[in-house]
Amino acid sequence: MNSKNNIHIEDSVEAAARAAADFWVECASAAILTRGAFHVAFSGGSTPKHLHRYLLMDEYRQRIDWSCVHVYFGDERMVARDHPDSNYRMLRETLLDHVDIPEAHIYPIVDDDLLISDQSPKSIQAIARNYAQTLDEVLPHDSDGRIRFDLVMLGMGADGHTASLFPGTSILNEDKRTVAEVYVEKLQAWRVSLTFPVLEQAYQRLLLVCGENKADVLAKVFTNLDKGDYPVKRFADMSDTSWFLDQAAASKLGES
Ligand code: 6PG
């Protein structure tokens with residue numbers, strides 16, 4: 001670990017989620033002030049629910065002009081939008097249904113349940129292609145013509161995956177497409193995910209990682225000794241990247 005890592009270690013999941021919510025509101029306010037809008041890609045999984053709960057509290061909620069917020073997804077499971085495993089459903093239930101973000105500003109990856117009905121590679125590729133096109137149409141482009149999120153929110157799995165960038169999968173080497181499909185053997189399931197290039201060119205990255213089961217890999221992510229394949233490691237030394245950890249997840253940092 002070195003001074004460049006922007007790591008915030010908090011006593012509990014709640015404290016880490018609150019610190020991440022503070023950072024989220026800062027990013028949103030700055031983007032709305034300087035660029036007139038806040039384009040944010042949300043993470044899936046369960047940990048973000050804690051952060052969403054804070055964003056709904058008056059002390060956070062009242063500091064955001066939600067009409068300027070544009071919502072995207074870092075990755076998605078190839079299930080219907082009302083399926084219990086859907087990241088879209090999770091975000092809808094834990095945030096979107098409780099704040100005034102215009103429906104036109106919400107961009108689900110699976111925008112037509114029919115598309116996923118046959119789970120064929122062709123259909124999944126079409127979903128990835130459609131989402132890449134949507135991002136290209138609605139996201140601001142910088143002077144180099146690159147699309148840029150104001151903030152991408154990410155988590156980490158106990159294997160070191162982030163978004164749906166899983167160890168040993170082809171999507172890790174994707175250097176042209178902004179969105180790609182990936183078949184995750186160990187899940188026996190397709191996923192669609194933002195790729196490293198678009199995650200790296202965002203103005204800011206927020207990683208919220210909590211739980212003892214993440215401690216082993218997190219310690220390896222922040223050490224150069226372990227050459228293991230932990231996709232999240234790409235963000236370990238990246239500037240404009242803020243990590244929010246609870247004590248349990250951080251319990252082995254500096255051991256290795
Ligand atoms: C997903 C996420 C994934 C998640 C990690 C951590 O769709 O599952 O994008 O990358 O962030 O799996 O998940 P937990 O927060 O549930 O531990």
Side-chain angles (χ1 to χ4, degrees), residues 10 12-14 16-17 19-21 24 40-55 71-81 83-96 107-110 116 124 127-128 131 149 151-169 171-172 174 178-196 198-200 202 205-218 221 229-236 241-251:
E10 307 288 343
S12 64
V13 179
E14 288 310 314
W24 195 99
V40 53
F42 282 82
S43 168
S46 55
T47 311
K49 298 176 185 174
H50 300 279
L51 192 161
H52 301 163
R53 205 173 41 255
Y54 280 98
L55 293 180
V71 172
Y72 309 83
F73 293 79
D75 69 327
E76 187 59 280
R77 296 90 180 268
M78 293 299 101
V79 294
R81 282 165 293 171
H83 188 283
D85 293 347
S86 164
N87 287 338
Y88 170 79
R89 176 176 167 177
M90 181 274 282
L91 186 62
R92 179 55 71 200
E93 292 174 350
T94 59
L95 184 69
L96 300 180
Y107 304 95
I109 291 179
V110 174
I116 50 165
I124 309 295
I127 291 173
Y131 204 58
F149 287 101
L151 178 69
V152 289
M153 302 161 68
L154 295 164
M156 184 194 92
D159 61 358
H161 80 262
T162 189
S164 283
L165 305 173
F166 283 83
T169 59
I171 197 173
L172 301 180
E174 182 58 60
T178 55
V179 185
E181 68 290 341
V182 57
Y183 187 76
V184 184
E185 202 58 50
K186 67 177 177 185
L187 301 176
Q188 297 285 299
W190 282 100
R191 295 273 189 102
V192 166
S193 182
L194 299 182
T195 59
F196 275 129
V198 75
L199 296 173
E200 290 169 345
R205 282 152 292 281
L206 180 169
L207 285 104
L208 177 60
V209 181
C210 299
E212 208 278 328
N213 67 329
K214 313 273 173 86
D216 275 336
V217 167
L218 209 53
V221 163
D229 179 7
Y230 313 112
V232 76
K233 197 173 176 119
R234 182 80 73 98
F235 304 114
T241 302
S242 299
W243 295 73
F244 297 89
L245 315 175
D246 67 347
Q247 274 299 353
S251 57

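When a ligand or atom number is given, it counts from 1 through the structure's own listing order. Values below: every heavy atom of this structure, side chains too, minus hydrogens, waters and symmetry copies.
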Which residue and non-hydrogen atom of the protein lie closest to atom 16 (O) of ligand 1, and at what distance in Å? Ser46 OG, 2.6 Å

Could you tell me whether the side chain of Glu10 and the main chain of Ala17 form a donor-acceptor pair under 3.5 Å? no

So if I count the atoms of ligand 1 from 1 in the order they appear, which ones are less than 4.0 Å from some heavy atom of Ser43? 11 (O)

Among all protein heavy atoms, pick out the one at the shortest distance from atom 6 (C) of ligand 1; state its residue, atom name and that distance to 0.1 Å. Met156 O, 3.4 Å

Among all the protein's non-hydrogen atoms, which is closest to atom 12 (O) of ligand 1, and how far away is it? His161 NE2, 2.7 Å

Relative to the ring of His161, is the ring of Phe166 parallel (under 30°), tilted (30 to 60°) or perpendicular (over 60°)? parallel

Enumerate the atoms of ligand 1 whose separation from the nearest heavy atom of Gly155 is less than 4.0 angstrom. 11 (O)

Distance-only, no hydrogens or angles: does the Asp229 side chain make a donor-acceptor pair with backbone N or O of Gly168 under 3.5 Å? yes

Report the distance from atom CG of Leu154 to atom CH2 of Trp243, rounding to the nearest 0.5 Å. 8.5 Å

Which residue owns the protein heavy atom closest to atom 9 (O) of ligand 1, what's the atom, and how far is it? Asp75 OD1, 2.7 Å

Looking only at non-hydrogen atoms, the one of Ala163, Gly44, Gly45 nearest atom 10 (O) of ligand 1 is Ala163

Please check this pair: side chain of Ser193 against backbone of Ser164, looking for a donor-acceptor N/O pair closer than 3.5 Å. yes

My understanding is that only residues two or more places apart in sequence, or in another chain, count here; which of them pass side chain to side chain contact (heavy atoms under 4.5 Å, CB included) with Val13? His50, Cys210, Asp246

Out of all atoms in ligand 1, which are within 4.0 Å of some heavy atom of Thr47? Include the element for each. 14 (P), 15 (O), 17 (O)

Side chain, backbone, both or neither: the part of Glu76 lying under 4.0 Å from ligand 1 by heavy atom: neither

I'd like to check the salt bridge (charged side-chain N to carboxylate O under 4.0 Å, His left out) partners of Arg92; sequence neighbours left out, ordered by chain and number. Asp97, Glu103

At what distance is the nearest protein heavy atom to atom 17 (O) of ligand 1, and which residue and atom is it? Lys214 NZ, 2.7 Å

Which of the numbered atoms in ligand 1 are below 4.0 angstrom from a heavy atom of Thr162? 10 (O)

Closest protein heavy atom to atom 8 (O) of ligand 1, given as residue, atom name and distance to 0.1 Å: Arg77 NH2, 2.7 Å

Do any nitrogen or oxygen atoms of Leu154 lie less than 3.5 angstrom from nitrogen or oxygen atoms of ligand 1? no

Test item: Arg53 side-chain N/O and Thr94 main-chain N/O as donor-acceptor pair under 3.5 Å: no

Which of parallel (below 30°), tilted (30 to 60°) and perpendicular (above 60°) describes Tyr88 and Phe73? tilted

